[in-house]
Amino acid sequence: MATASPTFPSAWSRRLSTGLRGLLTLKALILLVVVGVIAYLALVPLYYLLWGTFFGEDGFTLDGFARAYGDGRMGQLIFNSLAFSIGAAVISLVVGTGLAYLNVRTDVPFKGLFFAASMIPLIIPGILYTVSWILLASPDIGLINAAVEPIVGGSPLNVFSLWGMAWVEGLHLSPIVFLLMVAAFRSMDPALEESALMSGANKWTVFRKVTVPLARPAIVASVLIMVVRSLESFEVPALLGLQNGIYVFTSRIYFTLRTYPPDLNAAGALATGLLVLAALGVLLSNRLGKGRNFQTVSGKGFRPRRMELGRLRGVMGAGIILYFILTVLAPLAVLIYTSLLPFYRAPSMSVFGEMGLQNYRELLDMEQAGTALKNSLILGVGSATLVMLFMAIAGWLVVRSRVPGRQIVDQLSFLPLVIPGLVLGLSLAFVYLRSPIPIYGTLFILLIAYCTRYMPYGMRYAVTSMHQISSELEESAQACGAGWWQTFRRVLLPLLSPGLIAGWVYIMVVSFRELSSSILLYSPGNEVLSILIFEQYVNGQFTVLSALGVVMVLTLVVLVSIAYKVGAKVGLKQD
Amino acid sequence: MLRIEQLVKTFEGDRRRRSRRRKQSEDDHAPTRVHAVDGISFDVEDGQLFTLLGPSGCGKTTTLRSIAGLEKPDSGTIKLDERVLFARKDRRTVNVAANERGLGMVFQSYAIWPHMTVFDNAAFPLQVMKRGSRPSKRDIADKVMRVLEVMELHQLAERQATKLSGGQQQRLALARAIVTEPPLLLLDEPLSNLDAKLRESLRFELKRLQRELGITSIYVTHDQIEALALSSQVAVMSEGRIEQLGRPREIYENPRSRFVAEFIGTSNFINGVVADRQGDCFTVETSEGRLLVNGTVDVAMGADVVVSIRPEAVDLATRSWDGTVPNEWSGTVTNRAFLGDSVDHVIGVGKYHIRNRSNPSISVAPGTDVYLCMDPAKLSLVPLEG
């Protein structure tokens, strides 16, 4: 019946229906869901944070700010926060940059140890690292103090001080600076230094006039990132600072919420302040990182000439061994040592006789421990899977599609990067305390927290691997007649999978040891491993805590070595 | 001027890219070490532009960097006039540091410091001179401006170095290398990062500058055209050794090994046996007929040889010369390509496919029977290796 010419209304309705069908394709639906979820995760907590900060029971109020910032201790709080974070940043920068230079540009010995040490922040979570430093350098029970007491008399080291806090945080961050600076030094054309040598400058002049100015953008960016990370750090200030009443933003927020009745307005006001500081730092480091990019790329693969250290080689070698002992061996050793003891004390002959596995046996009997391990694993796998799934689609949207406004999706997914973990925890508490959905006090709220926190990392993995795939591969699938979903599932996902798996394992690892968001969101019975360790610390159960810590580290070693195996194939990214 | 004797440089075995040659453990090195530079010697005369030419991994850059002092050779001697820059014999080592050799060097990536202005880049070598010999600020400014003027960069002196184009960066690198008037200028593939047109114009520029300033230079390249156009002497390197050393024309017209003939230009290779010799004129018996070849190579009667025939040495005609010219062969055109300034033909002669290059006015359709004639003076005899 192809003879009748279409009447006006039928043509119109046909056009309408094709238009609607265009909007309601599977592709549009999936994209809409993904964008909606990202926007929800990124924006809702921030909205409620501001709402919870400025609105009390009787409408708009600035009382929270007045109570939080009004008392006389505010100056002290800001001083402590800045001194702690700048101190930690400087320590990590000096150590990390020095090690990176030695590693990339000189013939220093023991290079294998560097990369072992650089895995430490992934393998030993901040809370365990802090606890192990308490065991090493606390004025009462610290092993180092006990060891030197007969010589110097008294305890020279006090980890419960601003210096101690900066030291522990700085050492824990130093491997991150190391990795950042290794990348910077590697991407610097050694010919820039060689040509200075050929111009007649000596090594010191070359270092001063060429190497340092060229590395300056990377150095400045690392300092800012480290300052922000220290500002956001919760473990060190909570475990070391609270003892002697040294408050920084994060520990003050925690303290404000733990006193009864919790002052939500004041905590929100503090969190808002911290958020602004962190956001400024991240923005500034991005700006500086982009602005003066000196990395010159030449056609030839660099053949870095390793500077011969000569007589200094031995000294540097000794320094590296010392660094390795301080950052890796000592914290791990003291954890293992403590986990074998009935109660904590300095080593002696009689102590070795009492060593045994009783703490581990106790763990087996402790119902909580099993639940916590299970919860941590469930949350790790769950958040990693969800994040990578959504980010794969979001990554496609940002890199490949021509949808207007796709850059907004990109920026939304990076937004949580500037939200400190504790602030995120508080914001989510604000959201779901008010929300009718009954998820406060369940594992689900932790899942939402982790997905939000690690969304930026998932996005980075997805976008990077998306960029590595030529768009022609996708176009040729379309030319063969495949639809969007078929192309995505049968061509893109398999090609992206190495990058996505690497991202998955990374998020799994960091979720597994998350503390600063969880601490405000967990409820009894729903503990995760890091929370359980925190509780043990609060109860002073150092020996059981250490056993738990050893179990956690071993689990992480397994997870990280899987990550390393997978990551080696796609270029492991560290954060 | 510069004298290199028995220079040897080895690397750890795992860096396979630098050279593929492995030596058995007869010397004092472990057998896994790779010889990047394998005992080479040469002299560079005053005012010459001496080129090290070869494929990547042949050891040319390692040789240059050894002269610069950026690599430490395992053994050998490097002498500049009477000054020993490097010497190692029987455990006694002299090794002048790179910054004390006083040489100028241009890197492949130019290595222009991005955090300095054009002026500061060029002034750096003067500014870091030792206090006693350092010129005054005014003298430095004068010298720098003079050298920038030679390089036509004086108007850009205050500009940030990153704002320069590729060609300008290259000239700035050169300005920086010659501002101290070094006795020797080292150039490591300075043109390889430029696009083809710019490369050609800078090639002539470089040659003019080198001649006007009279700087003795060592030039490393893998580009045979650059080497032929620029050099007074060319050393063709392969696997850490010098295959042939001579003036560009000598090397092009009389390649002494198949490697050199293949690496420089294109060549047809015909296998044969030396049947007769009359002074400098050899008769070579090949499967497709006799060839007369002029040459001074020392080969015995009855020796297996390869005759190298450059495409432009092959003349093409549709009618026979009837024995009035030497080396007349006949064959059939199998392929033809028009290249603008010339026409290439491939002519099937027996089991060989001989490539010819001729004036674009001569163009013969594939399938046509043709006659070839090859001037004995333009052919060369290459002894078979091994």
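Chain letters run A, B, ... following the sequence lines, proteins first and then strands; every chain starts at 1. Every value quoted in this text rests on a predicted model; they were computed, and no experiment measured them.
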Quick one: OH on Tyr110(B) to CG on Asp189(A), what's the gap to the nearest 0.5 Å? 12.0 Å
Please report the interatomic distance CG(Leu197(A)) to CZ(Arg101(B)), rounded to the nearest 0.5 Å.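 If we round to the nearest 0.5 Å, Leu197(A):CG and Arg101(B):CZ are 11.0 Å apart.
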Could you check whether any side-chain heavy atom of [X] comes within less than 4.5 Å of a side-chain heavy atom of [Y], counting everything from C-beta outward?
| X | Y | answer |
| --- | --- | --- |
| Ser195(A) | Phe124(B) | no |
| Phe107(B) | Met198(A) | yes |
| Pro114(B) | Leu192(A) | yes |
| His115(B) | Arg216(A) | no |

For residues 53-62 of chain B, the salt bridge (charged side-chain N to carboxylate O under 4.0 Å, His left out) pairs (sequence neighbours left out) are Lys60(B)-Glu189(B)
How would you list all residue pairs meeting salt bridge (charged side-chain N to carboxylate O under 4.0 Å, His left out) that involve residues 85-99 of chain A, not counting sequence neighbours?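 For residues 85-99 of chain A, and leaving out neighbouring residues, there are no salt bridge (charged side-chain N to carboxylate O under 4.0 Å, His left out) pairs at all.
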Pick from Met129(B), Glu100(B), Lys130(B), Arg176(B) with the largest number of heavy-atom pairs that fall under 4.5 Å of chain A: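 The answer is Arg176(B).
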Check the surroundings of atom CD in Gln407(A): do more than 12 heavy atoms from other residues, nucleotides or ligands lie under 6.0 Å from it? yes
Whether over 12 other heavy atoms sit under 6.0 Å from Lys111(A) NZ: yes
Should Glu194(A) and Met105(B) be marked as a side chain to side chain contact (heavy atoms under 4.5 Å, CB included) after you check the CA-CA gap, both sets of side-chain angles, and the distance that decides it? CA-CA 9 Å; Glu194(A) 287 175 349; Met105(B) 181 158 177; 5.9 Å; no
